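Structure first, then comments.
Lettering follows sequence order; numbering is per chain, from 1. What you are looking at is a predicted structure, and each value in this text was computed from that prediction instead of being measured.
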Protein chains: 2
Amino acid sequence: MARLSDMIEEFIKALLEESNGQLELQRNELADYFECAPSQINYVLATRFSLDRGYYIESRRGGGGYIRIIRLDMDSNDYIMYLLKERIGNRISQQAAEDIIHHMLDKGIITERESLIMKAAIQDKGIGIPTSLKDNVRASIMKAMLTTILKLRN
Amino acid sequence: MARLSDMIEEFIKALLEESNGQLELQRNELADYFECAPSQINYVLATRFSLDRGYYIESRRGGGGYIRIIRLDMDSNDYIMYLLKERIGNRISQQAAEDIIHHMLDKGIITERESLIMKAAIQDKGIGIPTSLKDNVRASIMKAMLTTILKLRN
DNA sequence: GGTTATTGACTTTCTTTGACTTTCATTTTT
DNA sequence: AAAAATGAAAGTCAAAGAAAGTCAATAACC
């Protein structure tokens, strides 16, 4: 039972592929095409095309409005440095960490197997301690793994 | 009069047979089919399709949700099963964990890169919390990663 | 009597929808 | 020409819907 959101995600990714990582679309048009509420498009953008997943969104309202989706393309080493120095502080949610791992896989920094091992390591369920500390422990683990990956690349 | 749980177990096993050891199902659908409470399905999964018995379960909630059941190849994975069931309890030292990872690398179960990522994830330094809990957290993480690897080797 | 099954109420997670708001461009009034 | 009205977008947020999870109470079976 394919989810609508997944179909829209695939559709947008195919368009991005064709158009070299950047595209503009009309929210209502797309909603019409998929016969859904316009706000469904926002949901897909928020959950599947977030910054952590490596996309940047710009838009404009009013007549002639649009939504522009940009696939970010940073050098992999720079990206990992950015994650270590800026993105991950001393706490990070499971969702955000998963999105980052997803993105690293997308960029070919890690293999699929590696991505699954990493996701296992940062799971709430995996980290068996008080919720208040989970995000902190997760941040530490994530940074330790990223540091290792960075080393591997140099 | 065979017990309901046994019937459901048989049913799922037959499906697994047909589908080469991996299948996806809808909890409510199956519960409807057997005219039982949905939570009965969870009971069957917990008691008959546990990791101990060689199955791995994944699921997702919400619209388009599912339950995925994966039959693991117990024979070729007996070392990992041993680790999960016997060797690693609810605590493990960094040294012991590293030894295990090293051994898995030696046996060709994981790649060198994977071994380094795993070691990063279970380092004392990686896990930034009170020493008293470190060994417990490490055990959880280790088991989560091993479980994932089990699935990968299927 | 103790273990194993079954059920149901409640919770959590993820998705979809719709009502309402904001922003911008164009057209109409004054 | 400036101001006001209109219409055409996109944004927000909360409610409804669609699954699966949890847990404790009861029931059934050795």
message: Determine whether A:Thr148 and A:Met145 satisfy the following criterion, side-chain contact (heavy atoms from CB on, under 4.5 Å), listing intermediate values before the conclusion.
response: CA-CA 5 Å; A:Thr148 291; A:Met145 291 191 295; 5.6 Å; no

Heavy-atom side-chain proximity of B:Asn77 to B:Ile149 below 4.5 angstrom: no

task: Could you identify which residues of residues 39-49 of chain B place a heavy atom less than 4.0 Å from some atom of DNA chain C, listed by residue number, or say none?
output: B:Ser39, B:Gln40, B:Tyr43, B:Arg48

task: Would you kindly give the CD1-to-P distance between A:Ile69 and D:dA10, to the nearest whole Å?
output: 12 Å

task: Could you pull out the closest heavy-atom pair between A:Gln26 and A:Gly65, with the gap in Å?
output: NE2-O, 2.6 Å

- request: Please examine the side chains of A:Leu45 and A:Ile41, heavy atoms only from C-beta on, and report whether any two atoms are closer than 4.5 Å.
  value: yes

query: Expressed in angstrom and rounded to an integer, what is the separation of B:Asn28 atom CG from D:dG17 atom C1'?
result: 13 Å

field: Closest nucleotide among C:dT13, C:dT16, C:dT6 to the B:Arg61 side chain
entry: C:dT13

- prompt: Which listed nucleotide (C:dT16, D:dG21, C:dT6) is nearest to the side chain of A:Leu4?
  reply: C:dT16

- request: Identify, between A:Ser5 and A:Gly64, the residue whose nearest nucleotide on DNA chain C lies closer to the 5' end.
  value: A:Ser5

- request: Measure from the side chain of B:Arg60, starting at C-beta and using heavy atoms only, and say which of C:dT15, D:dA9, C:dT7 lies closest.
  value: C:dT15

A:Asp32 CG - C:dT17 P separation (whole Å): 13 Å

- prompt: Expressed in angstrom and rounded to an integer, what is the separation of B:Asp6 atom CG from C:dA5 atom P?
  reply: 7 Å

Separation of D:dA18 P from B:Leu30 CG (nearest whole Å): 20 Å

- request: State which residues pass salt bridge (charged side-chain N to carboxylate O under 4.0 Å, His left out) with B:Glu10; sequence neighbours excluded, sorted by chain then number.
  value: none

Qualifying ring-ring contact (aromatic ring centres under 6.0 Å, His included) pairs, either residue in residues 35-67 of chain B, two or more places apart: B:Phe49-B:Tyr55

- prompt: To the nearest Å, how far apart are A:Phe34 CZ and C:dT17 P?
  reply: 13 Å

Nearest-angstrom distance from the residue atom CZ of B:Arg3 to P of D:dA27: 19 Å

statement: Which of C:dT16, C:dT6, C:dT17 is nearest the side chain of A:Ala37? It is C:dT17

- line: Against the side chain of A:Gln26, the closest entry in C:dG8, D:dA9, D:dT22 is D:dA9

field: Beyond-backbone contact of B:Arg87 with B:Met142, side-chain heavy atoms, under 4.5 angstrom
entry: no

message: Just the rounded figure in Å: distance from P of D:dG11 to CZ of A:Arg68.
response: 13 Å

